[in-house]
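Written below as structure tokens is the structure these notes are about.
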Amino acid sequence: MLKSFGGVTPDASVTRLTDTSWYNEKENTYVLTDAADLYGFSLIAQMDNFKGKTVNLGDDILNTGDVSSWNKWMSAGSSSLRFAGTFDGQMHDISGMYVDATTAYAGFFGATDTTAVVKNFSLTNSYINS
């Protein structure tokens, strides 16, 4: 069952890919290891700007399904709630992401705060159109 974060729910087509069980708002460090964790991160980032928190990639993350299954990617951060934490890819790769959005502030990160640190990862074999 998908946790509810203030009424923000991903499209039903990506629910199977979403895992938020790793998140505890009292913690300051998180590790994402697969596509479901990554989707969970994007969902949680709609309600938590991660200020003072660190999100690490614990492995390469590859979309092994149909590339269009990533079409419903919800960008981490928005113009009204900018990502303000640290995202450290620890030299890992995110591959196969597909974003085709009609809105501004779309991409892996929709918007970041001036305090955000984004480092040490690559986004490869991916398509982002906004």
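Quantities reported herein were computed from a predicted structural model and do not represent experimental measurements.
- Once rounded to the nearest 0.5 Å, the distance linking CG of L123 with OG of S95 reads 8.0 Å.
- In the model, D88 has no side-chain atom that pairs as donor or acceptor with a side-chain atom of T86 under 3.5 Å.
- Residue N120 holds its CG atom at 10.0 Å from NE2 of H92, rounded to the nearest 0.5 Å.
- Y23 and Y39 fall within the same hydrophobic cluster, defined by Ile, Leu, Val, Met, Phe, Trp and Tyr side-chain heavy atoms under 4.5 Å apart, directly or through other members.
- A heavy-atom distance below 4.5 Å is found between the side chains of Q90 and N56.
- Side-chain contact between T115 and K51: present, with at least one pair of heavy atoms (C-beta onward) separated by less than 4.5 Å.
- Ring geometry, F87 versus F109: the interplanar angle exceeds 60°, so the pair is classed perpendicular (tilted spans 30 to 60°).
- The shortest side-chain heavy-atom distance between T20 and T18 falls under the 4.5 Å cut-off.
- Residues I94 and W22 share a hydrophobic cluster, clusters being chains of Ile/Leu/Val/Met/Phe/Trp/Tyr side chains in contact below 4.5 Å.
- Note: F50 and Y30 have perpendicular aromatic rings, judged against thresholds of 30 and 60 degrees for the angle between ring planes.
- Minimum heavy-atom separation, G77 to A45: N-CB, 3.8 Å.
- Distance alone, capped at 3.5 Å, places no donor-acceptor pair between the D113 side chain and the A116 backbone.
- Checking each of K53, R82, K26 against D48 for a salt bridge (Lys or Arg N to Asp or Glu O under 4.0 Å) leaves exactly one that passes, namely K53.
- In this structure, Y105 OH and S75 OG are separated by 12.0 Å, a value rounded to the nearest 0.5 Å.
- Between atom CE of residue M91 and atom CZ of residue F121 there is a gap of 11.5 Å, rounded to the nearest 0.5 Å.
- Note: N49 CG to I44 CD1 = 13.0 Å, rounded to the nearest 0.5 Å.
- Annotation for S126 and G96: closest pair OG-N, 3.4 Å, computed over non-hydrogen atoms.
- Of the possible donor and acceptor atoms, none in the side chain of D93 sits under 3.5 Å from a partner among the backbone N and O of D60.
- Side chains of T124 and S122: a donor-acceptor N/O pair is absent below 3.5 angstrom, by distance only.
- Atom CG of L38 sits about 10.0 Å away from atom OG1 of T33, to the nearest 0.5 Å.
- The side-chain heavy atoms of F41 and F83, taken from C-beta on, include a pair separated by under 4.5 Å.
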